[in-house]
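In what follows, every heavy atom counts, from backbone to side chain, and hydrogens, waters and symmetry copies are set aside. Everything numeric in this text was worked out from a predicted model, so none of it was measured.
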Amino acid sequence: MYEYVRRIAFISEHASPAASLGGEDAGGQNVYVDDLSRHLSRLGYAVDIFTRRTSPDQPVILDWAPGVRIVHLDAGPPCPVAKDQLWCWMPELRDAFLRFLAERHAWYDLIHAHFWMSGWVALELKRRLGIPVVQTFHALGQTKRRHQGEADTSPPARLAVEHAIVQQADRLIAQCPAERQELIHGYGASSKRITMLPAGVDTELFHPVDQAQARLRVGLDPSEPVVVYVGRILPRKDVRNVLRAVALLVRRLGQPARLLVVGGETPEPDPQATPELGALQRLAAELGIIDRVIFTGRRPRSELAWYYGAGDVAVTTPWYEPFGLTPLEAMACGRPVIGSAVGGISFTVQPGVTGFLVPPRDPEALAWRLGQLLVEPNLRARMGDAARLRVEREFTWERAARQTALVYEQVLAEAGTPPLTPGVDERPHRLSKVHGLHRRVVHGVG
């Protein structure tokens, strides 16, 4: 436990911990911001998470967890907006942050920005207030453009803004070796200013369960082989590849596997709300396996361990994945994972130890590995045990928070931030900057 509390501002413009997970813009970043902030608070850090207001009913401040608050800032319309359409409102988010500081007499020792638009806001605040900035991108525009091509809907300014953040942020956090290499070779980042620090997984929420009990709970036959996919239902996640592999298993290899697909915009599978779901249902019918596939719709995180536990093997084969939390969740539940050899999955899944890696868009390779695991229960058990052990050693949120705290303290020391002194309130000196800005932002003075 740190002796004195540091005040940290998370900026996460589109990804709030309070959002319902499973939607197009609600996934790994939301979980990262939520769990990291909670575990930092246990180390003596007070964290305020600044995000965009998406409903008129949201309070300015929401007490989220001990030591953690969510602050809703007005920037654009108070309704859900796709994240790639938010760029034009980032100056409003910056100004709303400054007003909050002035009106609440608040100050922060450090800003941790999440995603590139939040990084722009953080640099603006650093320039005005001198607060050091730590940046986690969660996804890089250059990588996204390379993989998605014309399907990339990012604003044109993204790459230039990312390059500026790389050069001006005090520290960059890369979640896996692939991201670190992209930052160095694609953006010209100094390796000395990058800390590789992977995300974690909640090992209490995601834990091994009895498979027979899990299948009874989710309504599956206790004896049939089950492949499980948990995640967002988006084209880049390439669940179509999984369907094609399962079809090969059923028709060519004679293995009557069942596929459990967990995710979507709504609790019940709705192709209108989740267009990719409709495409998957049509493909399953074309492949002749519609009776072998169960689409569950979105499920709460609190229930996901039962779905992972119901499977014999978890699978995720996106053709683009910056990091990927669901492989870690499956591993924490003691399940071997077959993942595509891209992004963070290449780092988290150890081939031959905790599962297998396959090329993306290769249903033949996936079917072969699925067939291997489904007929070898001892191999599944051994890999599942190794997967849980790997998570416990390398990917807990406790470990991630401790490492993040070390980054914060290094950055603050480099910035010349003195240790806090008992009984001395340094806010008046710091807040003089904020009040001067408040007059210009709110009243148009100067």
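- A donor-acceptor pair under 3.5 Å is absent between the side-chain atoms of His185 and the main chain of Gln181, judged by distance alone.
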Problem set entry | Derivation of the side chain to side chain donor-acceptor pair (under 3.5 Å) call for Gln58 and Thr54 | CA-CA 8 Å; Gln58 290 171 330; Thr54 58; 3.1 Å; yes
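- Relative orientation of the Trp87 and Trp116 rings is tilted, given thresholds of 30° and 60° on the angle between their planes.
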Problem set entry | Full working for side chain to side chain donor-acceptor pair (under 3.5 Å) between Gln135 and Asp170 | CA-CA 8 Å; Gln135 173 74 31; Asp170 295 274; over 6 Å; no
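- In summary, the aromatic rings of Phe10 and Tyr45 are positioned with their centroids too far apart to meet the 6.0 Å limit.
- For the residue pair His14 and Thr51, no side-chain donor N or O sits within less than 3.5 Å of a side-chain acceptor on the partner.
- Remark: side-chain polar atoms of His207 are not paired, donor with acceptor, to backbone N or O of Thr203 under 3.5 angstrom.
- Residues Gln255 and Val250 fail the side-chain proximity criterion, which asks for heavy atoms closer than 4.5 Å.
- Atom CZ of Arg145 has 12 or fewer neighbouring heavy atoms from other residues, nucleotides or ligands inside a 6.0 Å radius.
- When all heavy atoms of Met383 and Pro336 are compared, the pair lying nearest together is CB-CB, 3.8 Å.
- For Tyr187, the side-chain hydrogen bond (donor to acceptor under 3.5 Å, both in side chains) criterion is met by Glu162, not counting sequence neighbours.
- The existence of a salt bridge linking Arg402 and Glu398 is excluded, since no basic side-chain nitrogen approaches an acidic carboxylate oxygen closer than 4.0 Å.
- Each salt bridge (Lys or Arg N to Asp or Glu O under 4.0 Å) pair with one or both residues in residues 288-297, not counting sequence neighbours, appears once here: Glu224-Arg292.
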Just distance, no hydrogens or angles: give the donor-acceptor pairs under 3.5 Å from side chains in residues 172-179, sequence neighbours left out.
residue : atom : partner : partner atom : Å
Glu179  : OE1  : Gln175  : N            : 2.8

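- You'll find the side chain of Phe97 stays beyond 4.5 Å of the side chain of Glu124, heavy atoms only.
- Residue pairs meeting the salt bridge (Lys or Arg N to Asp or Glu O under 4.0 Å) criterion with at least one partner in residues 337-354, sequence neighbours excluded, do not occur; the list is empty.
- Residues passing the salt bridge (Lys or Arg N to Asp or Glu O under 4.0 Å) test with Glu376: none are found, sequence neighbours excluded.
- Residues Asp95 and Arg99 are not paired through a salt bridge, judged by the lack of any N-O separation under 4.0 Å between the basic side chain and the carboxylate.
- Every side-chain hydrogen bond (donor to acceptor under 3.5 Å, both in side chains) that Ser223 has, sequence neighbours left out, goes to Asp221.
- Residue pairs meeting the salt bridge (Lys or Arg N to Asp or Glu O under 4.0 Å) criterion with at least one member in residues 45-62, sequence neighbours excluded: Arg7-Asp48, Asp48-Arg69, Arg53-Asp74.
- Of all heavy-atom pairs spanning Ala400 and Pro198, the tightest one is CB-O, 3.9 Å.
- Under 4.0 Å is where a charged nitrogen must lie from a carboxylate oxygen, and between Arg236 and Glu321 at least one such pair does.
- Within the structure, salt bridge (Lys or Arg N to Asp or Glu O under 4.0 Å) contacts touching residues 191-213 (residues at least two apart or in different chains) do not occur.
- Under a 3.5 Å cut-off, the side chain of Arg388 and the backbone N or O of Ala332 do form a donor-acceptor pair.
- Listed by chain and number, the residues in a salt bridge (Lys or Arg N to Asp or Glu O under 4.0 Å) with Asp362 amount to none (sequence neighbours excluded).
- With sequence neighbours excluded, the residues satisfying salt bridge (Lys or Arg N to Asp or Glu O under 4.0 Å) with Asp152 are Lys144.
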Exercise. Please walk me through it: do Trp319 and Asn241 pass side chain to side chain donor-acceptor pair (under 3.5 Å)?
Worked result: CA-CA 10 Å; Trp319 35 266; Asn241 185 61; over 6 Å; no
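- A centroid separation of less than 6.0 Å is found between the aromatic rings of Tyr32 and His114.
- Across Leu357 and Ile345, no two heavy atoms sit closer than the pair CD2-O, 3.8 Å.
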For this session: Tell me, with the steps shown, if Glu182 and Arg146 meet side chain to side chain contact (heavy atoms under 4.5 Å, CB included).
Result: CA-CA 12 Å; Glu182 186 78 61; Arg146 183 167 60 249; 2.5 Å; yes
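- Checked by atom type and distance alone, the side chain of Ser340 never pairs as donor or acceptor with a backbone atom of Val342 at under 3.5 Å.
- Contact detail for Ser16 and Asn30: the closest heavy-atom pair is O-ND2, 2.9 Å.
- In this structure a side-chain-to-backbone donor-acceptor pair under 3.5 Å is present from Ser37 to Asp34.
- The nearest pair of heavy atoms linking Ser12 to Val33 is OG-CG2, 3.9 Å.
- Salt-bridge check for Glu265 with Arg298: failed, with every basic side-chain N at 4.0 Å or more from each acidic carboxylate O.
- Among residues at least two apart or in separate chains, side chain to side chain donor-acceptor pair (under 3.5 Å) pairs with a member in residues 269-290 are Arg240-Glu276.
- A donor-acceptor contact shorter than 3.5 Å is absent between the side chain of Arg244 and the backbone of Pro363.
- Evaluated for a side chain to side chain contact (heavy atoms under 4.5 Å, CB included) with Ile338, the options Val242, Val227, Val349, Leu373 yield exactly one hit, Leu373.
- Listed by chain and number, the residues in a salt bridge (Lys or Arg N to Asp or Glu O under 4.0 Å) with Arg252 are Glu364 (sequence neighbours excluded).
- In this structure a side-chain-to-backbone donor-acceptor pair under 3.5 Å is present from Arg215 to Ala310.
- Here Arg335 does not pair with Glu329 in a salt bridge; the nearest charged N to carboxylate O distance is not below 4.0 Å.
- Remark: aromatic rings of Phe50 and Tyr108 are close, center separation under 6.0 Å.
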Exercise. Checking side chain to side chain donor-acceptor pair (under 3.5 Å) for the pair Gln410/Arg171: CA distance, chi angles, key distance, verdict?
Worked result: CA-CA 9 Å; Gln410 290 167 3; Arg171 193 63 53 88; 3.2 Å; yes
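- Residues Arg301 and Leu205 are in side-chain contact: their nearest non-hydrogen atoms beyond the backbone lie under 4.5 Å apart.
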